[in-house]
Visitor: 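After the structure tokens below, expect a handful of questions from me.
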Amino acid sequence: HESVIDAYIAGLEDRVAQGNPVDHIFSVASFFVSRVDTEVDKRIDEMVKAANPGDRDRLKMLKGRAAIANAKMAYKLFRRKFSDSNPKWTALAERGARVQQPLWASTSVKNPVYRDVMYAEELIGDDTINTMPPALIEAFKDHGDVQRTVDKRLGAAEGLLREVEAVGISMKDVTDKLLVDGLASFQKSWDTLTAGIERKMSALTAAK
């Protein structure tokens, strides 16, 4: 996430150096939230199978919690990088630059035992975007709790991620895998889209 933020700021600085405006540029840093839990939970389930009875409860208590903790840490980083304490950002903000907002995607739960609105409820805060699918919007309208949460209980979030690491699950490995999988998925979607456009163009050309 820090690399993405730094790239955005560097791009804005390049525009300023070239005498170009930066006040009309909008950017997001996108997080596929629930996929973090899906991957971490899968690894926990494998560990539970081989764990002794005394460790199983400890492992199970970590399920369904890493994604929100990870996103909260990302928001903490976002606030630090886009603050008055960062002179690079301050110089750009004076020229009207906009912050690069965290975007919470994949916020519908994949495990039906989890509260259906938990990712939406736990990541509410300023300068964030949540791309909720229609079913989640309806669920949140029905029983979602609206309050600022994204920067609450940060100590607990940090502790949770330390515990995940302590049992032998590397969050870097998890997020690296999700990055590779996500790029492959989007590439496939892009290829399908462009192939469809090409077929349509060929059909229209032939019809003439």
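We're numbering straight along the sequence, starting at 1. Treat the numbers as computed from the prediction; the structure is a model and nothing was measured.
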Visitor: Got a salt bridge between Arg43 and Glu39, using NZ or NE/NH1/NH2 to carboxylate O under 4.0 Å?
Guide: yes

Visitor: Heavy atoms, side chains only, cut-off 4.5 Å: are Arg80 and Asn86 in contact?
Guide: no

Visitor: Taking all non-hydrogen atoms of both residues into account, name the closest pair between Ala97 and Leu12 and its distance.
Guide: CB-CD1, 4.0 Å

Visitor: Does the side chain of Phe78 reach to within under 4.5 Å of the side chain of Val99, using non-hydrogen atoms?
Guide: yes

Visitor: Should Met118 and Met73 be regarded as members of a common hydrophobic cluster, given that ILVMFWY residues are connected when their side-chain heavy atoms come within less than 4.5 Å of each other, either directly or indirectly?
Guide: no

Visitor: Distance-only, no hydrogens or angles: does the Lys88 side chain make a donor-acceptor pair with backbone N or O of Lys81 under 3.5 Å?
Guide: no

Visitor: Do the side chains of Leu62 and Val167 get nearer than 4.5 Å, heavy atoms only?
Guide: yes

Visitor: Trp89, Val22: one ILVMFWY side-chain cluster at the under-4.5 Å cut-off?
Guide: yes

Visitor: What class does the angle between the rings of Phe31 and Trp104 fall in, given that below 30° is parallel, 30 to 60° is tilted and above 60° is perpendicular?
Guide: tilted

Visitor: Can you say whether the rings of Phe82 and Tyr8 are parallel (under 30°), tilted (30 to 60°) or perpendicular (over 60°)?
Guide: tilted

Visitor: Tell me, do Leu178 and Phe32 make a side-chain contact under 4.5 Å, heavy atoms counted?
Guide: no

Visitor: Can you name the one residue among Val180, Leu179, Asp181 that meets side-chain contact (heavy atoms from CB on, under 4.5 Å) with Leu183?
Guide: Leu179

Visitor: Any idea which heavy atoms bring Arg148 and Gly125 closest together, and the distance?
Guide: CG-CA, 4.3 Å

Visitor: Quick one: CG on Leu193 to NZ on Lys188, what's the gap to the nearest 0.5 Å?
Guide: 14.5 Å

Visitor: Less than 4.0 angstrom from a charged side-chain N to a carboxylate O is my criterion; do Lys49 and Glu46 meet it?
Guide: yes

Visitor: Looking at every non-hydrogen atom in both residues, tell me the closest pair between Ser83 and Thr90 and how far apart they are.
Guide: O-OG1, 3.8 Å

Visitor: Grouping I, L, V, M, F, W and Y whenever their side-chain heavy atoms are under 4.5 Å apart, do Val36 and Phe186 come out in a common cluster?
Guide: no

Visitor: Mind checking whether Leu160 and Ile44 sit in one hydrophobic cluster, side chains of I, L, V, M, F, W, Y counted as touching below 4.5 Å?
Guide: yes

Visitor: Taking the side chain as everything from C-beta on, heavy atoms only, tell me whether Lys63 gets closer than 4.5 Å to Tyr114.
Guide: yes

Visitor: Hey, does the side chain of Ser108 reach the backbone of Leu136 with a donor-acceptor pair shorter than 3.5 angstrom?
Guide: no

Visitor: Do you know the tightest heavy-atom contact between Ala74 and His1?
Guide: O-CE1, 3.3 Å

Visitor: Supply the atom-to-atom distance Glu198 CD to Thr194 OG1, rounded to the nearest 0.5 angstrom.
Guide: 5.5 Å

Visitor: Tell me whether Arg15 contacts the main-chain N or O of Pro21 through its side chain, where contact means a donor paired with an acceptor under 3.5 Å.
Guide: yes

Visitor: Any donor-acceptor pair under 3.5 Å linking the side chain of Ser189 with the backbone of Ser185?
Guide: yes

Visitor: Just checking Asp84: does its CG atom have more than 12 heavy atoms from other residues, nucleotides or ligands closer to it than 6.0 angstrom?
Guide: no

Visitor: Are any of the side-chain nitrogens in Arg153 or Glu122 under 4.0 Å away from the carboxylate oxygens of its partner?
Guide: no

Visitor: Can you see whether Asp14 engages Gln18 through a side-chain donor-acceptor pair at a distance of less than 3.5 angstrom?
Guide: no

Visitor: What distance do Asn70 atom CG and Thr175 atom OG1 have between them, rounded to the nearest 0.5 Å?
Guide: 7.0 Å

Visitor: Okay, side chain of Arg56, backbone of Ala51: is any donor-acceptor separation there less than 3.5 Å?
Guide: yes

Visitor: How long is the straight-line distance from CD1 of Ile124 back to CG of Asn130, given to the nearest 0.5 Å?
Guide: 8.5 Å

Visitor: Are Val164 and Leu77 connected in the hydrophobic side-chain network, where two residues link if heavy atoms are under 4.5 Å apart?
Guide: no

Visitor: State, yes or no, whether a side-chain contact exists between Lys200 and Leu204 at a heavy-atom distance under 4.5 Å.
Guide: yes

Visitor: Compare every heavy atom of Ala69 with every heavy atom of Ala157, then report the nearest pair and how far apart it is.
Guide: O-CB, 3.7 Å

Visitor: I need the Asp145 CG to Glu121 CD distance, nearest 0.5 Å.
Guide: 5.5 Å

Visitor: If only atom types and distance count, is the side chain of Lys110 paired as donor or acceptor with the main-chain N or O of Arg35 below 3.5 Å?
Guide: no

Visitor: Can any side-chain N or O of Thr107 pair as donor or acceptor with the backbone N or O of Ala120 at less than 3.5 Å?
Guide: no

Visitor: Do the side chains of Val48 and Lys60 get nearer than 4.5 Å, heavy atoms only?
Guide: yes

Visitor: When you measure from the side chain of Arg65 to the backbone of Met61, do you find a donor-acceptor pair of N or O atoms at a distance under 3.5 Å?
Guide: yes

Visitor: Apply side-chain contact (heavy atoms from CB on, under 4.5 Å) to residues Asp142 and Glu138 and explain how you reach the verdict.
Guide: CA-CA 6 Å; Asp142 179 66; Glu138 292 304 313; over 6 Å; no

Visitor: With side-chain contact (heavy atoms from CB on, under 4.5 Å) as the criterion, how do Met132 and Tyr119 come out once you've worked through the C-alpha distance, each side chain's angles and the decisive distance to 0.1 Å?
Guide: CA-CA 10 Å; Met132 295 188 288; Tyr119 297 124; over 6 Å; no

Visitor: For the pair Asp37 (side chain) and Ala66 (backbone), establish whether a donor and an acceptor sit closer than 3.5 Å, ignoring hydrogens and angles.
Guide: yes

Visitor: Would Glu165 and Arg162 pass as an ion pair if we require N to O under 4.0 Å?
Guide: no

Visitor: Distance check, rounded to the nearest 0.5 Å: Leu123 atom CG versus Asp151 atom CG?
Guide: 10.5 Å

Visitor: Answer yes when Arg79 and Asp127 have at least one side-chain N-carboxylate O distance shorter than 4.0 Å, and no when they do not.
Guide: yes

Visitor: Side-chain contact, heavy-atom cut-off 4.5 Å: Arg115 with Val117?
Guide: yes

